[in-house]
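One-based numbering along the sequence shown.
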Amino acid sequence: MAPGQWISFCGQVIDTLQAGSGMEGLEREAYVYQRINTMGHKPLYIDQHLQIAGEACRKLFPATALPSEDDLIRATGQILYRNCAHRGGNLMMLRIFPGGKWMLAHQKPMLYPGYALWHSQVTAVAVRDEHLWRGLPTSVSIAAETAAALHAATAGAGIALLHDHDGIVTGAGDNPVMAFRGPTVITTSVANGATDSLERRIMLWLCAMSGFEADENRLTVDQLPHVDEVLVFNAQGLLSVHGFGPARYFNTKALRLERSLPELSKFR
């Protein structure tokens with residue numbers, strides 16, 4: 001949350017420069033979060049974001065009321081206008097605190113509108129992760145994602161794939177990791193530690209639309225050198241992983257999924 005940025009706190013538009021350290025202190029509290037993509041200053045798939053956040057709040061912060069869809073649509077338009085954001089894609093961060101307080105902030109502009117295939121061709125490294133509330137989108141999982149990213153950078157890799165003590169790959173942060181072998185896409189299920197997220201739902205939908213059969217059980221670190229391709233889906237879209245250890249991957253499945261991206265208007 002940058003100084004001088006306009007945010008929405010429980011529906012009230014606030015200038016963080018005038019609000020002082022009180023707003024910054026909130027970011028250090030426990031919260032459930034959602035990263036929300038926008039188009040034309042309107043949030044995308046807000047109903048699903050609230051459903052996912054609501055499930056997490058029920059598990060962690062019982063009796064916490066959520067903002068309404070109308071609250072978030074209105075707040076998104078207000079703060080993007082105040083922050084002079086372009087009308088293409090923008091990434092918002094929604095934080096919901098125990099007791100029902102919430103904060104919506106403009107995180108960054110998106111390079112491309114909507115979702116796209118990124119040809120960054122990053123290499124990946126496996127990082128063991130056993131953080132509290134694993135599998136839920138929380139302030140703790142953001143801290144774990146940040147620490148893992150630093151570990152990956154130190155190892156000369158571009159992305160960290162988190163795994164538990166059994167070697168089960170749970171995600172790249174809270175984003176889904178999908179491995180392809182022939183016509184099958186392998187990914188860890190929510191029951192086995194993956195985070196239920198909009199990105200996960202979209203990725204599975206894209207795979208089905210593209211003719212892949214999903215094997216939702218366990219994706220392990222040991223499997224990664226022996227698959228055809230590994231993809232991550234984040235708030236910006238598809239990220240193709242170039243390699244893991246000595247293994248190098250093709251980019252054919254990513255291109256096939258990219259052809260289904262225009263069909264996302266049908267995703268519900």
Side-chain angles (χ1 to χ4, degrees), residues 27-35 49 52-53 55-61 91 93-96 107 118 120 122-180 185-204 214-227 229-247 249:
E27 292 185 317
R28 293 189 287 272
E29 294 187 10
Y31 56 79
V32 165
Y33 82 91
Q34 289 289 282
R35 292 186 177 111
H49 279 297
I52 292 166
E55 286 296 321
C57 284
R58 277 188 282 276
K59 292 176 180 177
L60 300 178
F61 315 137
L91 188 63
M93 172 65 90
L94 171 66
R95 297 174 175 89
I96 302 172
Q107 196 166 40
W118 290 74
S120 304
V122 296
T123 56
V125 64
V127 178
R128 181 168 171 173
D129 170 59
E130 300 285 350
H131 71 264
L132 183 68
W133 303 333
R134 190 165 53 87
L136 296 174
T138 67
S139 50
V140 183
S141 66
I142 287 180
E145 179 181 1
T146 302
L150 289 173
H151 179 95
T154 302
I159 194 165
L161 306 181
L162 304 185
H163 67 89
D164 66 10
H165 61 282
D166 292 320
I168 299 172
V169 178
T170 54
D174 286 317
N175 297 310
V177 177
M178 307 277 176
F180 294 80
V185 56
I186 307 164
T187 190
T188 299
S189 65
V190 171
N192 282 316
T195 300
D196 182 18
S197 64
L198 177 70
E199 292 77 16
R200 175 186 172 80
R201 295 179 180 189
I202 289 178
M203 185 65 171
L204 288 170
D215 177 4
E216 287 188 79
N217 187 12
R218 296 180 179 183
L219 172 63
T220 66
V221 173
D222 289 342
Q223 289 176 291
L224 293 177
H226 308 292
V227 298
E229 197 165 338
V230 175
L231 293 174
V232 173
F233 198 95
N234 59 28
Q236 300 183 100
L238 290 161
L239 178 63
S240 180
V241 176
H242 178 59
F244 176 79
Y249 303 123

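- Residues Ala149 and Ala160 approach most closely at N-CB, 4.4 Å, considering heavy atoms.
- Under the 4.5 Å side-chain criterion, counting only non-hydrogen atoms from C-beta, His49 is not in contact with Leu94.
- Between the Ser139 side chain and the Tyr31 main chain, a donor and an acceptor come within less than 3.5 Å of each other.
- When all heavy atoms of Thr170 and Asn192 are compared, the closest pair comes out as CG2-O, 4.3 Å.
- Between Leu219 and Ala179, the shortest heavy-atom distance links the atoms CD1-CB, 3.7 Å.
- Between Arg200 and Ala194, the closest heavy-atom pair is NH1-CB, 3.8 Å.
- The backbone N or O of Ile168 sits nowhere less than 3.5 Å from a side-chain atom of His163 that would complete a donor-acceptor pair.
- Looking only at side-chain heavy atoms (C-beta outward), Asp129 and Val127 stay at 4.5 Å or farther from each other.
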message = With side chain to side chain contact (heavy atoms under 4.5 Å, CB included) as the criterion, how do Leu204 and Thr187 come out once you've worked through the C-alpha distance, each side chain's angles and the decisive distance to 0.1 Å?
response = CA-CA 9 Å; Leu204 288 170; Thr187 190; 4.3 Å; yes

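- Checking Asp174 against Ser197 by side-chain atom types alone, no donor-acceptor pair falls below 3.5 Å.
- Between Thr188 and Val169, the shortest heavy-atom distance links the atoms OG1-O, 2.6 Å.
- In this structure Val122 satisfies the side chain to side chain contact (heavy atoms under 4.5 Å, CB included) test together with Ser120, Ile159, Leu239, sequence neighbours excluded.
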key: Audit row: Arg35, Ile142, side chain to side chain contact (heavy atoms under 4.5 Å, CB included) steps and yes/no   = CA-CA 11 Å; Arg35 292 186 177 111; Ile142 287 180; 4.3 Å; yes

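- At distances below 3.5 Å, not a single donor-acceptor pair connects side-chain atoms of Gln34 with backbone N or O atoms of Ile52.
- Across Phe180 and Val227, no two heavy atoms sit closer than the pair O-CB, 3.5 Å.
- Considering only residues two or more places apart in sequence or on other chains, Arg218 meets the salt bridge (Lys or Arg N to Asp or Glu O under 4.0 Å) condition with none of them.
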task = Please step through side chain to side chain contact (heavy atoms under 4.5 Å, CB included) for the pair Ile202 and Phe233, ending with a clear verdict.
result = CA-CA 8 Å; Ile202 289 178; Phe233 198 95; 3.6 Å; yes

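- The closest donor-acceptor contact from the side chain of Trp118 to the backbone of Gln236 lies under 3.5 Å.
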